[in-house]
Amino acid sequence: MVHTGYNPALVALSIAIAVFASYTALDLASRVRAAPGRRLAWIGGAALAMGGGIWSMHFVGMLAFEMGMPAAYDTGLTLLSLLIAIGATGGAFAWVSRNDAATRDILVSGPLMGVGIAGMHYTGMAALTVPGNLAYSPPVVIVSVLIAVTAATAALWLTFRQHEVWQKIAAAFVMGLAVAGMHYTGMAAATLTAEEAGAHAAHMSALAPSQQNLALFVGGATFLILFLAMLASSIDQQRVQRDLSASEERFRAAVQAVRGVLWTNDAEGRMVGDQPGWSAITGQSREEYQGFGWADAVHPDDAESSIEAWGETVREKRTFVHEHRVRSSDGTWRHYAIRAVPVLAPDGAIREWVGVHTDITEQREAEAELRESNEEIQRYAYIVSHDLRAPLVNVMGFTSELDATRNDIRTALDNHPDAERIDADLGEALGFISAAVTRMESLIAAILKLSREGRRSFMPETLELTALFQRLADAQRHQTEAAGAEVIVAPDLPKITADRLAVEQIFGNLLDNAVKYLDRARPGRIAIDAVPVGSRIRIDVTDNGRGIAERDHARVFELFRRSGAQDRPGEGIGLAHVKALVRSLGGRIDITSRLGDGTTFSVTLPRESATASNRGAAPTPLAAE
């Protein structure tokens with residue numbers, strides 16, 4: 001039996017290699033989930049660092065072992081031990097770093113790595129060639145393997161459970177000490193018995209120095225590998241820091257882009273630390289806004305509701321959305337919209353709040369001006385519609401008188417050769433006037449109701465489209481005949497359920513618009529047709545007029561915008577009004593036109609208007625735009 005011992009300096013070096021290799025490997029492996037695109041590179045680096053470190057630690061540990069006899073290593077088994085170390089650690093890291101890996105997966109990867117460490121050790125021991133016999137104590141061998149498995153499992157659990165530096169360092173020490181502990185426990189399990197000296201011993205003596213130099217070279221190369229691995233980790237960390245910095249800059253720019261002021265509160269809603277954004281808008285010093293001092297800058301009429309809403313939000317751990325007025329540094333009050341989200345700790349508790357105050361003063365002022373303007377428009381509309389009734393009543397009165405004196409006129413023209421034609425024309429004209437008066441009366445009633453309620457109400461009813469369009473065409477007969485044109489309404493058009501006045505306004509305006517664009521150099525033709533499209537109806541109003549340039553297709557629906565040459569005056573209101581009414585009825589309007597080829601306006605409406613099942617108020621047509 002050979003008397004053995006250890007060189008303390010080399011023992012310390014071997015332990016340092018094990019710890020350093022463990023930290024490097026665990027650090028590289030922990031980056032796998034953060035950078036899935038480089039998964040194989042990080043796992044390979046971790047396996048090389050860990051496997052190479054264990055292998056180097058083994059040979060430095062063997063160098064520290066003073067056997068008192070020469071030793072050599074079998075090259076094949078030595079390389080096999082290295083491959084075992086790299087393969088086992090690589091497999092363990094790959095398994096535990098999967099995206100869907102759970103805590104229980106450490107119970108697979110930990111034993112795999114531990115058995116790999118033990119396998120590398122005993123394969124390396126098998127590569128040892130000495131002039132003597134090598135035997136092992138089975139109980140101590142088992143203990144060495146258990147040490148490796150337990151420590152490897154604990155180290156992986158510490159590494160992949162959290163990513164804080166101190167935990168990674170702790171895991172590296174656990175793993176490094178486990179590797180060293182396993183090695184020296186395994187060495188304690190070995191017993192060397194020397195043979196008689198001879199030619200073989202002399203041969204070993206000649207080989208020993210070169211083998212020692214090889215072990216030292218392996219240790220140095222391992223340190224270089226570990227250094228390069230740590231350098232790669234450091235470069236990646238700098239990349240992460242740059243990405244984080246860029247993300248923070250984007251966040252600040254986004255906040256500035258929405259004219260917002262960023263602030264943070266603690267879990268209870270108290271302002272702590274420096275809040276330069278809040279101080280900039282309120283002029284409060286740090287001492288003034290600390291804690292709940294920020295509430296002193298909120299308008300007295302809004303403070304109580306703001307504090308109550310904030311307290312309720314904190315209790316419920318939800319997003320805070322609110323609005324209040326804040327005193328600016330110049331003493332004026334400005335409106336702010338607030339949105340804050342809780343930042344939660346891993347246990348679900350609120351860690352802090354991050355919020356943004358966005359200045360919406362101009363928006364609120366514009367809304368106030370708009371409300372005032374709308375009120376003025378409503379008052380004016382009421383007055384105008386009221387004053388329109390007087391001339392309308394006069395027209396209705398004169399029309400009634402003319403109708404009542406038709407018999408007298410007929411008697412006076414009894415001997416006139418065109419008496420029958422004149423009477424028929426007079427009757428038709430009185431009918432058109434009566435229909436126009438009735439429509440005007442409906443429009444005035446709608447304006448009066450709009451001025452009272454601020455919204456237009458629709459009253460859906462079943463409409464016979466053929467009859468409705470024919471009445472509109474008859475009402476336009478004077479204009480169309482003056483333009484030398486005709487209006488053709490397709491027979492047997494389908495029925496729809498919608499507001500009669502709105503439909504009359506839509507297609508009355510479209511007919512009037514078609515007449516404006518007719519080409520007087522050729523006979524004009526305006527056709528109205530309809531086709532079903534699923535649960536909707538598409539109604540086409542087509543003319544053979546001058547057409548509209550494609551660049552003007554969208555602009556013709558803008559208020560007070562006109563395009564092309566027209567034979568009748570207009571203010572550019574009709575089509576804008578039509579589009580708003582179509583949208584209010586739940587439909588859409590499209591235009592198809594080319595210069596010289598005429599124009600088609602296609603109005604698609606539901607067969608049953610949404611207002612048929614909901615008779616509530618609808619937005620006013622122009623407001624819908």
Side-chain angles (χ1 to χ4, degrees), residues 34 161-170 237 240-365 367-368:
R161 178 172 174 267
Q162 296 290 340
H163 295 288
E164 295 184 14
V165 175
W166 71 267
Q167 290 174 314
K168 202 175 297 182
I169 293 175
Q237 186 64 34
V240 172
Q241 291 295 332
R242 286 194 301 270
D243 292 345
L244 180 60
S245 178
S247 178
E248 291 175 350
E249 290 298 329
R250 285 193 296 270
F251 177 72
R252 293 192 189 97
V255 171
Q256 293 174 359
V258 297
R259 296 184 301 168
V261 174
L262 181 67
W263 49 265
T264 57
N265 281 2
D266 66 9
E268 285 72 34
R270 295 184 295 262
M271 275 194 177
V272 294
D274 290 328
Q275 304 288 341
W278 182 259
S279 182
I281 65 172
T282 64
Q284 285 185 310
S285 65
R286 177 170 176 171
E287 291 72 21
E288 290 173 328
Y289 62 65
Q290 286 292 295
F292 292 102
W294 56 266
D296 295 337
V298 178
H299 195 285
D301 295 342
D302 302 339
E304 184 176 353
S305 62
S306 296
I307 294 175
E308 289 179 358
W310 178 248
E312 181 180 352
T313 301
V314 171
R315 288 191 297 273
E316 296 180 3
K317 300 181 182 179
R318 56 179 172 83
T319 299
F320 179 68
V321 179
H322 195 61
E323 182 181 328
H324 60 210
R325 288 163 289 177
V326 175
R327 184 183 62 247
S328 300
S329 55
D330 59 3
T332 60
W333 297 99
R334 299 189 67 82
H335 289 264
Y336 284 89
I338 310 106
R339 183 177 179 84
V341 295
V343 179
L344 303 180
D347 60 358
I350 296 178
R351 189 174 65 195
E352 62 180 337
W353 291 83
V354 177
V356 175
H357 264 61
T358 304
D359 192 335
I360 57 171
T361 304
E362 287 77 10
Q363 177 184 337
R364 289 292 173 260
E365 290 175 349
E367 289 173 355

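Side chains included, hydrogens not; waters and symmetry mates left out as well; all remaining heavy atoms used.
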Is a donor on one side and an acceptor on the other found under 3.5 Å between the side chain of Tyr289 and the backbone of Gln275? yes

With side chains defined as the heavy atoms from C-beta onward, is the minimum distance between Glu312 and Arg318 less than 4.5 Å? yes

How far does CZ of Arg334 sit from CG of Asp359, to the nearest 0.5 angstrom? 4.0 Å

Can you measure from OG (Ser328) to OH (Tyr336) and round to the nearest 0.5 angstrom? 5.0 Å

Please round to the nearest 0.5 Å and tell me the distance separating atom CG of Asp266 and atom CZ of Arg351. 13.0 Å

CD (Glu352) and CD (Glu268) are apart, to the nearest 0.5 Å, by 12.5 Å

Hey, is the main chain of Trp278 close enough, under 3.5 Å, to the side chain of Thr282 for a donor-acceptor pair? yes

In terms of heavy-atom contacts, Val298 and Ser306 come closest through CG1-OG, 4.1 Å

Atom of Gly269, atom of Phe292 and distance for their closest heavy-atom approach: O-CE2, 3.7 Å

Reported CD1-to-NE2 distance for the pair Ile338 and His324, which is rounded to 0.5 angstrom: 3.5 Å

So which atom in Ile350 and which in Ala267 form the shortest heavy-atom distance, rounded to 0.1 Å? O-CB, 3.3 Å

Kindly indicate whether the side chain of Trp310, heavy atoms from C-beta on, has any atom under 4.5 Å from the side chain of His322. no

State whether the side chain of Gln290 and the backbone N or O of Gly273 hold a donor-acceptor pair below 3.5 Å, judged by distance alone. yes

I'd like to know whether the aromatic ring centres of His335 and His299 sit less than 6.0 Å apart in this structure. no

Strictly distance-based, threshold 3.5 Å: is any side-chain N or O of Asp274 a donor or acceptor partner for the main-chain N or O of Pro276? no

Of the non-hydrogen atoms in Ala303 and Ala295, which two are nearest, and what is the gap between them? CB-O, 4.4 Å

Distance check, rounded to the nearest 0.5 Å: Glu365 atom CD versus Ile360 atom CD1? 11.0 Å

Are any side-chain N or O atoms of Thr313 and backbone N or O atoms of Ala309, one a donor and one an acceptor, separated by less than 3.5 Å? yes

With no hydrogens and no angle check, is any side-chain donor or acceptor of Ser279 less than 3.5 Å from a backbone partner on Gln284? yes

All heavy atoms of Trp333 vs all of Pro300, minimum pair found to be CH2-CD, 3.9 Å

Quick one: does Asp302's side chain have a donor or acceptor within less than 3.5 Å of a partner on Arg325's backbone? yes

